[in-house]
Number of protein chains: 2
Amino acid sequence: MTSQDAERPEAVGTSRRSKLTPEREQEFFDAVLDQLRSCGYDAVTMEGIAASTRCSKSTLYRQWKTKPQFVAAALRSNRRVRFTDIDTGSLAEDLRQAAAAAGEGMGKDTGLLQALGHAVMEDPELKGALREALVEPEIAALRAILARGVARGEVPAGHPALEYVPAQLFGMLRMRPVLEGEQADAAYLVRFVEAVVLPALGLP
Amino acid sequence: MTSQDAERPEAVGTSRRSKLTPEREQEFFDAVLDQLRSCGYDAVTMEGIAASTRCSKSTLYRQWKTKPQFVAAALRSNRRVRFTDIDTGSLAEDLRQAAAAAGEGMGKDTGLLQALGHAVMEDPELKGALREALVEPEIAALRAILARGVARGEVPAGHPALEYVPAQLFGMLRMRPVLEGEQADAAYLVRFVEAVVLPALGLP
DNA sequence: GTGTACCGATACGGTGGAGTACCGGTACAC
DNA sequence: GTGTACCGGTACTCCACCGTATCGGTACAC
């Protein structure tokens with residue numbers, strides 16, 4: 001219960017006005033993201049977050065001016081790319097691993113994408129944070145995988161199926177729950193890659 | 001403006017208590033659907049719908065007990081399938097036409113799907129209405145197209161890419177706006193079908 | 001020890017939407 | 001013509017949330 005900061009090496013000489021530790025801040029963000037995923041954007045309330053993290057609304061409003069800014073900050077805190085480490089030397093295998101990685105951990109990010117749906121339309125800051133935190137890094141990493149495959153000569157440059165690969169992966173991830181009522185897990189996505197993506201690219 | 005019922009054969013002997021004509025009812029539903037598409041579920045308010053259709057909240061609440069029930073009724077009124085008329089005798093051409101049809105008119109339905117995102121989680125009635133009105137009919141029609149192709153021998157039965165076709169189409173429709181910021185129009189979807197779906201099925 | 005500045009709690013004003021209640025008008029039945 | 005039942009309008013209660021203000025407690029600086 002008490003402030004369990006122990007030592008916090010980065011916050012020594014610098015002028016950190018807020019006494020909130022980064023860990024504490026992350027607690028807020030995690031609460032926001034959980035709430036977003038489970039109940040949608042409108043269900044994220046400053047009062048709810050304050051209550052569930054045992055802080056006060058004042059504290060939240062001291063750090064972030066408005067709710068959209070708060071949510072945007074939480075999104076940015078979530079930035080982390082899953083596809084960057086993938087580089088097996090074979091495009092087919094890279095794509096399989098990307099599919100597996102997507103299935104493993106990305107139900108979460110897809111949930112966020114879903115939750116923010118229309119809220120994004122109205123607040124440009126939210127929109128920017130969403131793209132910056134979730135969409136663009138993953139897309140870029142995926143395109144890098146594809147570019148390496150092209151550079152190795154596995155697929156001819158400009159192959160018409162190339163441009164659709166990222167959207168296909170994300171699309172399947174997003175649509176399977178809607179169409180079939182089941183999560184798009186790693187096994188499903190790997191099967192999809194092997195049944196559709198690889199053949200479309202002319203790979204075995 | 002006046003009650004333009006003319007004749008309404010179904011409402012003769014039976015006890016139709018409400019004096020609302022079906023056309024009037026459809027006005028309400030259209031307002032709900034428009035609002036859903038443009039601003040999301042939480043933006044649909046009984047007061048807003050009442051105002052924009054020049055009826056009174058009382059009227060709405062006389063017909064439907066709660067807002068979710070009202071929205072569900074509106075969804076069900078929207079049921080209409082777009083893919084059923086497609087049957088050119090060639091699977092490739094059928095899929096091209098389906099893609100075009102999807103691009104033409106279905107930004108609308110996809111908008112609904114998006115708008116209802118999480119609201120669906122909380123109200124089973126809404127969830128049922130959504131599936132019943134939007135998801136299942138289109139999927140079924142698409143599967144029928146595929147089954148005809150299989151029956152004609154254009155694609156071997158059990159081809160692994162078959163099961164993914166509906167999700168692919170819906171997925172692209174849904175993800176392009178997110179990933180590229182542009183609508184997935186008919187031309188885009190037809191190109192996608194030709195670049196990915198047909199090759200994956202082993203069609204020219 | 002003293003000061004300062006932040007934290008957590010709580011109370012408050014303001015807004016907006018869900019439902020409800022009531023009322024006058026009117027179309028249709030008979 | 002009279003009655004009935006529904007429609008549209010409006011006013012109302014209730015409630016949840018945003019964002020602000022105020023206050024006591026306390027950790028840390030010096």
Tell me: [atom1] of [X] to [atom2] of [N], nearest whole Å?
| X | N | atom1 | atom2 | value |
| --- | --- | --- | --- | --- |
| A/Met46 | D/dG19 | CE | C1' | 9 Å |
| B/Tyr61 | D/dC12 | OH | P | 18 Å |
| A/Lys65 | D/dC18 | NZ | P | 17 Å |
| B/Ile49 | C/dG19 | CD1 | P | 14 Å |
| B/Leu20 | C/dC28 | CG | C1' | 15 Å |
| B/Asp42 | C/dA18 | CG | C1' | 13 Å |
| B/Leu60 | D/dC6 | CG | C1' | 14 Å |
| B/Glu47 | C/dG16 | CD | P | 10 Å |

Touch class at under 4.0 angstrom, heavy-atom based, for A/Lys57 against every strand present: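 Since a base atom lies under 4.0 Å of A/Lys57, the category is base.
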A/Ser58 near the nucleic acid: base, sugar-phosphate alone, or nothing, with a heavy-atom cut-off under 4.0 Å?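 Base: the residue A/Ser58, judged by heavy atoms under 4.0 Å, touches a nucleobase.
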Side-chain N or O of [X] versus OP1/OP2 of [N]: is the shortest distance under 4.0 Å?
| X | N | value |
| --- | --- | --- |
| A/Arg24 | C/dC6 | no |
| A/Arg62 | C/dC6 | no |
| B/Gln63 | D/dC7 | yes |

Closest contact, heavy atoms only, B/Arg191 versus A/Glu163: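 Scanning both residues completely, I find the closest heavy atoms to be NH1-OE2, 3.3 Å.
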When you match A/Thr45 and B/Thr53 each to their closest nucleotide on DNA chain D, which lands nearer the 5' end?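 The 5'-side residue here is B/Thr53.
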When the nearest nucleotide of DNA chain D is assigned to A/Thr66 and to B/Cys55 on a heavy-atom basis, which residue is associated with the more 5' position?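 Between the two, 5'-proximity favours B/Cys55.
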Looking at B/Glu125 and B/Arg76, is there a salt bridge between them, counting it only when a charged N and a carboxylate O are closer than 4.0 Å?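 Here B/Arg76 pairs with B/Glu125 in a salt bridge, since their nearest N and O are under 4.0 Å apart.
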For D/dC30, which nucleotide in any strand shown is its Watson-Crick or wobble partner with both distances under 3.5 Å?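 Pair assignment: D/dC30 / C/dG1.
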Is the ring pair B/Phe28/B/Phe70 parallel, tilted or perpendicular, if the boundaries are 30 and 60 degrees?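 Taking B/Phe70 first and then B/Phe28, their aromatic rings stand perpendicular (interplane angle over 60°).
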Does one side chain, of A/Glu47 or A/Thr45, offer a donor that lies under 3.5 Å from an acceptor on the other?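 Judged by distance alone, the side chains do not pair up.
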Which is it for B/Phe192 and B/Gln168 under the side chain to side chain contact (heavy atoms under 4.5 Å, CB included) test, yes or no, and what are the steps along the way? CA-CA 10 Å; B/Phe192 167 68; B/Gln168 277 183 279; 3.7 Å; yes
